[in-house]
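See below for the structure under consideration.
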Amino acid sequence: MIRFLIKGILRDRSRSLLPVIVVALGVFLTVFMSGFFKGVMTDMIDMNAKFSSGHVKVVTRAYAENADQAPIDLAILGVSDLKNQLQSAYPDMEWVERIRTGGLLDVPDENGETRGQGPAVGTAIDLLSPESGEVKRMGIQNSIVKGRLPEKPGEALISDDFAEKFSVAVGDEVTLFGSTMNGSMMFHTFVVSGTLRFGNSLIDRGAIFMDLQDAQIALDMEDAASEILGYYKHQPYDDIAAQSLTESFNARYSVESDEFSPLMTRLAEDAGMADYLAIAENMVGLMIFIFVIAMSIVLWNTGLLGALRRYSEFGVRLALGEEKKHIYRTTIYEAILIGIIGSFVGTLLGVALSYRLQTHGWDFSELTGNIGMMMPSVFRAQVTPSMFYIGFIPGVIATVLGNALAGFAIYKRKTARLFHELEV
Amino acid sequence: MKRMKKIFITALMTTALVGLAAQDADQILETVDKNMSSKNRIFESDMVIQGRRNSRTITSVSYSVGDKQSFTEYISPAREQGTKMLKLEDKLWIYSPSTDRIIQISGHMLRQSVMGSDLSYEDMMDDRKMTEVYSATVAGHEEIDGRDTYVLDLTAKVDDVAYHSQKIWVDTERYVPLKQEMFAKSGQLLKRTTLSNVQKIQGRWFPMNMVYKDMLKDGKGTEFRVNSAKFDQDIPDYIFTKAALKQ
């Protein structure tokens, strides 16, 4: 019977073409959008992990309470010991120290007096050790607009926007002014080795990237750091594994009554990240749900039109003695076949476009340049195994549902009326 | 007719009393200004900053002329030694000996804490007489540490002021504030200052100990102890120049 139905679908294109196009279009949108959102969300989470939250992050309990102010006076002391303990207890992760500080970036004139200045967001990472993976992790090399990476102590990278605004050239000096860990005034002059732009206003606005040791000297932070970030060496972020890691660490090292004891948090606990992760997880399900509802209504109408067109055919089949139940069943079988064909075509197109966006990306830098969220400026889709089957769920369900609703007309068909119609 | 007369007299008396109260408040504030402000002054002081991990004492010498010129040199600890601050009108420069740079502080940085203390650069810069900035009303009397005080409500009458309103407790005998609360326009309490160890210096009463507490920050506050205060001295003009910063 299946072969008979397939022949019917292929030979009578007016019966199948429109439903196949509708299903293929809907499935294409579902598959592509799920790949697109998955890619963008993954990139956004990844960017936050690389720049800000790590897969897990260790700070003091007092620092965690005021993390948005980057309070270096509440930084971790004895950071080398703690990092060594982390490395031996959790060897499958890479642990890195970072310092974040705010202040004023001041550009001197020829007399050493202020020529221009602006608020600065300082980030100190291990820029100079050959074994450090920080430059690669943060994509600093690719973000350099002018100059080069710092090669010796006392050199720093500054935001290209800031450099343009105050006409700072590579090789010029800038002074970072702020407070040390102990609250003293901090003045530290850096030579600009290069300028960079990440394409994100949150990072680019007055950014200065300096070497960790330079920052420790400037900020009186000997053997201290704002935070220790942990990254999985061989796998992407896994929330369940991260949760068990943070629980084991906090049970061992964190003391509630000691505000300077270390506290480990995971990526999902970082400001707003839990929402992003939940959106990333639920987006595909939500899209399938919307698609099933919307497509069912469209296909119901398509089915109704088809049923009207096949009004006479149903009448003849009933006159030849075929049961209404059988006609209804064959209509459903037809719908399943149309759903599968449409879903196949839609999935093929959706995966193809997603793959293209995965490899080439879509540059949105002009639109995302001034937003305050940490998100990538080039949007990339992500082709996942689930994309090869998720389209079939709404594609087939919507077609069957639409035809099942439209098919009720068969039961209203009267044979007696057919002869009357044929006479006419 | 009799009733109208009564109302008229009551209104007249109320207006007179309100006028007298305002006059009293202004007179109190003027007397406070006479104690707290001077033609010029030289202070040697310790600032004790209570951090969450430790406390630090910073010693400095400062020279001021009216509310327009001020020069401060930090003496100790070693980290701060040689750091100098110059205020001329509404501009502020800081000299750092480690970098040999003179940095001008402006904009939102003026609201930042000075050396981790509860005082902002803006607080340090605003030395204007209270009568120039605020209009006052007497809100009542209260006792602080066994001394009777006038409680004054101050409201800013100029725009360029760090605190929109203040409540101050003024010693009724010595006309020195013993407590100050500073509020934002929204009514939020921003800072509280308690003043003590009031001494008579060159014919004026002056509080030698001040504890500043930034109410938006955790911590125990910043103590400002004046070790030596000299008023109406001969201060050479060159001190209030940018050249003096590098000397």
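Chain A is the first sequence line, chain B the second, and so forth, proteins listed ahead of strands; every chain is numbered from 1.
Considering only heavy atoms from C-beta on, A:Pro71 stays 4.5 Å or farther from B:Arg52 through its side chain.
Proximity to chain A (any heavy atom under 4.5 Å) is shown, for B:Ile49, by neither the backbone nor the side chain. For a residue to count as touching a neighbouring chain, one of its non-hydrogen atoms must lie under 4.5 Å from one of that chain's; by this rule B:Arg101 touches chain A with backbone and side chain alike. Proximity to chain A (any heavy atom under 4.5 Å) is shown, for B:Ser96, by both the backbone and the side chain. With a threshold of 4.5 angstrom between heavy atoms, A:Glu173 does not approach chain B through any atom at all. With a 4.5 angstrom heavy-atom cutoff, A:Asp73 touches chain B only via backbone atoms.
Within a 6.0 Å radius of CD in A:Glu222, no more than 12 heavy atoms belonging to other residues, nucleotides or ligands are found. Around atom CZ of B:Phe183, more than 12 heavy atoms belonging to other residues, nucleotides or ligands sit under 6.0 Å away. Within 6.0 Å of the CZ atom in A:Arg252, the count of heavy atoms belonging to other residues, nucleotides or ligands does not exceed 12. Annotation: A:Asp109, atom CG; neighbour count of heavy atoms from other residues, nucleotides and ligands within 6.0 Å is above 12. More than 12 heavy atoms of other residues, nucleotides or ligands lie within 6.0 Å of CD in B:Gln104, so this atom counts as buried by the packing criterion. Remark: B:Lys129 NZ is loosely packed, at most 12 non-hydrogen atoms of other residues, nucleotides or ligands lying under 6.0 Å away. Applying the 6.0 Å contact sphere to NZ of B:Lys217 captures more than 12 heavy atoms from other residues, nucleotides or ligands. For B:Asp145, the CG atom is loosely surrounded, since the number of other residues' heavy atoms within 6.0 Å does not exceed 12.
Comparing B:Ile94, B:Ile58, B:Asp100 by heavy-atom pairs within less than 4.5 Å of chain A, the highest count is held by B:Ile94.
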**Request:** Go through A:Phe177 and B:Ile105 one step at a time and tell me if the side chain to side chain contact (heavy atoms under 4.5 Å, CB included) criterion holds.
**Result:** CA-CA 10 Å; A:Phe177 167 62; B:Ile105 306 294; 3.1 Å; yes

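Considering every non-hydrogen atom in both A:Thr114 and B:Ile103, the closest pair reads OG1-CA, 3.3 Å. A pairwise comparison of heavy atoms in A:Met185 and B:Glu80 identifies N-OE1, 3.8 Å as the closest pair. Residues B:Arg56 and A:Asn182 approach most closely at NE-O, 2.7 Å, considering heavy atoms.
Geometrically, B:Arg53 engages A:Phe260 in a cation-pi contact defined by less than 6.0 Å to the ring centre and at most 45° from the axis.
Listed in order of number, the residues of residues 220-233 of chain B that approach chain A to under 4.5 Å between heavy atoms amount to none.
For the atom pair A:Asn111 CG and B:Lys242 NZ, the distance stands at 9.0 Å (nearest 0.5 Å).
Using a 3.5 Å distance cut-off with no hydrogens or angles, the side chains of A:Ser184 and B:Arg79 do not pair a donor with an acceptor.
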